[in-house]
There are 2 protein chains.
Amino acid sequence: MGTKQQITEKITALLKDSKLSVTDTRMKILELFMKSNGALEHSDIETQAGQSFDRVTVYRTLQTFLDKGIIHKIPTTDTSVRYAVCKSECSEHDHHDHHVHFKCESCGTTTCLDETNIPEISLPKGYAMHNVEVVVSGVCKTCK
Amino acid sequence: MGTKQQITEKITALLKDSKLSVTDTRMKILELFMKSNGALEHSDIETQAGQSFDRVTVYRTLQTFLDKGIIHKIPTTDTSVRYAVCKSECSEHDHHDHHVHFKCESCGTTTCLDETNIPEISLPKGYAMHNVEVVVSGVCKTCK
DNA sequence: ATTATTTTTGCAACATAGTTGCATTTTTAT
DNA sequence: ATAAAAATGCAACTATGTTGCAAAAATAAT
């Protein structure tokens with residue numbers, strides 16, 4: 001995991017690589033993502049960060065991270081929007097998260113199963129495929 | 001597709017099979033689903049039905065249909081919730097929609113590709129799978 | 001067919017989620 | 001150290017979803 005300072009350095013580097021200003025909000029939110037073993041939604045961030053920053057700032061920060069390919073959204077069947085940090089292969093203009101997302105019905109956590117590949121899906125004639133999202137629900141390793 | 005009256009009879013039968021009272025709202029909303037070739041979200045229903053019924057009634061009707069296995073939700077990466085009618089194999093207690101959902105980036109329509117099966121996905125050790133959701137995005141047959 | 005019971009609907013009020021404009025503050029560049 | 005650019009916080013607003021309760025409609029019983 002690394003020391004507090006190592007994480008700080010890593011986050012700073014990530015922001016600079018993405019040509020983003022290094023601000024307290026961005027640092028703290030990225031830190032939350034790094035620490036968390038699952039995906040976060042807006043409300044998680046507000047809760048876990050205390051009352052330290054404005055709702056609007058959180059919305060804008062998440063949007064910025066999305067734009068830069070630092071985080072990605074995970075599809076859900078409710079109104080929540082879940083975000084997770086992207087693997088290094090993702091970039092601003094070449095965004096792909098071809099891994100399986102797993103939602104645990106017991107603890108509610110959503111995680112990215114980075115090792116688990118998505119098998120080929122053959123669409124009917126006439127359909128062009130750009131992206132595939134897979135969300136598996138069940139019981140995770142920890143809850144079992 | 002059938003005449004107006006045939007559709008009405010079909011919908012009435014569907015409601016009675018699900019042990020639901022036959023009401024104007026439920027008839028009209030189910031008719032919208034039947035007519036639509038794609039998934040609908042709450043706002044679509046309110047728009048397409050005119051101002052004829054209350055927001056709250058629409059929410060409650062959709063929830064009822066979900067409970068009875070008449071419709072199912074489709075995962076999205078935004079805050080919208082999309083619904084589509086279930087195939088006949090679905091029932092109240094045995095709900096499964098093991099087909100691929102396709103979201104067209106051009107026309108925005110989400111459709112169920114009932115013929116397209118979801119391939120096996122092997123999860124890491126320790127994970128138990130209950131359900132799989134697949135959403136493919138790209139360009140649909142019509143828009144191509 | 002009429003009435004009684006149950007269910008559904010619509011309204012009001014509320015709660016949560018997300019957006020926009022603008023002034024102030026912070027960050028970065030000079 | 002200062003100027004320019006970017007990010008933040010606040011206020012106000014829009015959209016989305018929920019709950020309780022009384023009125024209306026649908027089903028069941030007589």
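Each chain gets a letter, A, B and so on, in the order the sequences are listed, and its residues count up from 1. On a predicted model such as this, the values are computed, not experimentally measured, just so you know.
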Nearest-Å distance, CD (Glu46(B)) to P (dG17(D))?
9 Å

Listed by chain and number, what are the ring-ring contact (aromatic ring centres under 6.0 Å, His included) partners of Phe65(B), not counting sequence neighbours?
none

Between dG17(D) (C1') and His42(A) (NE2): distance, integer Å:
16 Å

Is there any protein nitrogen or oxygen under 3.5 Å from a nitrogen or oxygen in nucleotides 24-30 of chain D, and what are the pairs?
| from | atom 1 | to | atom 2 | distance (Å) |
| --- | --- | --- | --- | --- |
| dT27(D) | OP1 | Val22(B) | N | 2.8 |

Expressed in angstrom and rounded to an integer, what is the separation of Arg82(B) atom CZ from dT16(D) atom P?
12 Å

Between Val81(B) and Asp78(A) the two heavy atoms that sit nearest each other are CG2-C, 4.0 Å

Applying ring-ring contact (aromatic ring centres under 6.0 Å, His included), can you list everything that pairs with Phe33(A), at least two apart in sequence or on another chain?
none

side-chain contact (heavy atoms from CB on, under 4.5 Å) partners of Asp114(B), counting only residues at least two apart:
Lys87(B), His99(B), Cys112(B)

What is the distance from CZ of Arg26(B) to P of dG10(C), rounded to the nearest Å?
12 Å

So if I take the C1' atoms of five pairs at each end of the helix from dA1(C)-dT30(D) to dT30(C)-dA1(D) and get each local axis, what angle do the two axes make, rounded to 10 degrees?
40°

Value in whole Å for how far the C1' atom of dT8(C) lies from CZ of Phe53(B)
13 Å

Nearest heavy-atom approach of Cys104(A) to Cys140(A) is SG-N, 3.4 Å

Along DNA chain C (nearest heavy atom to each residue), the more 5'-positioned of Thr57(B) and Thr79(B)
Thr57(B)

How long is the line joining CG of Leu62(B) and C1' of dT9(C), in whole Å?
15 Å

In B/S/- notation, 5' to 3', how is nucleotides 19-24 of chain C contacted by protein heavy atoms closer than 4.0 Å?
BBB---

Taking all non-hydrogen atoms of both residues into account, name the closest pair between Ile70(A) and Ser18(A) and its distance.
CD1-OG, 3.5 Å

Answer yes or no: is there a side-chain heavy-atom contact under 4.5 Å between Pro124(A) and Leu113(B)?
yes

With heavy atoms under 4.0 Å as the rule, sort Thr25(B) into base, sugar-phosphate or nothing.
sugar-phosphate

What's the shortest heavy-atom distance between Cys86(B) and His72(B), and which atoms?
SG-ND1, 3.3 Å

Under 4.0 Å, counting only non-hydrogen atoms across every strand here, what does Ser43(A) touch: a base, just sugar-phosphate, or nothing?
nothing

In terms of heavy-atom contacts, Thr77(A) and Lys73(B) come closest through O-CD, 2.9 Å

When the distance from CG of Asp78(A) to C1' of dT16(D) is rounded to whole Å, what number comes out?
13 Å

Closest contact, heavy atoms only, Ile74(A) versus Ala39(A)
CD1-CB, 3.6 Å

When the distance from CG of Asp54(A) to P of dA11(D) is rounded to whole Å, what number comes out?
10 Å

Side-chain heavy-atom pair Thr110(A), Phe102(A) within 4.5 angstrom cut-off
no

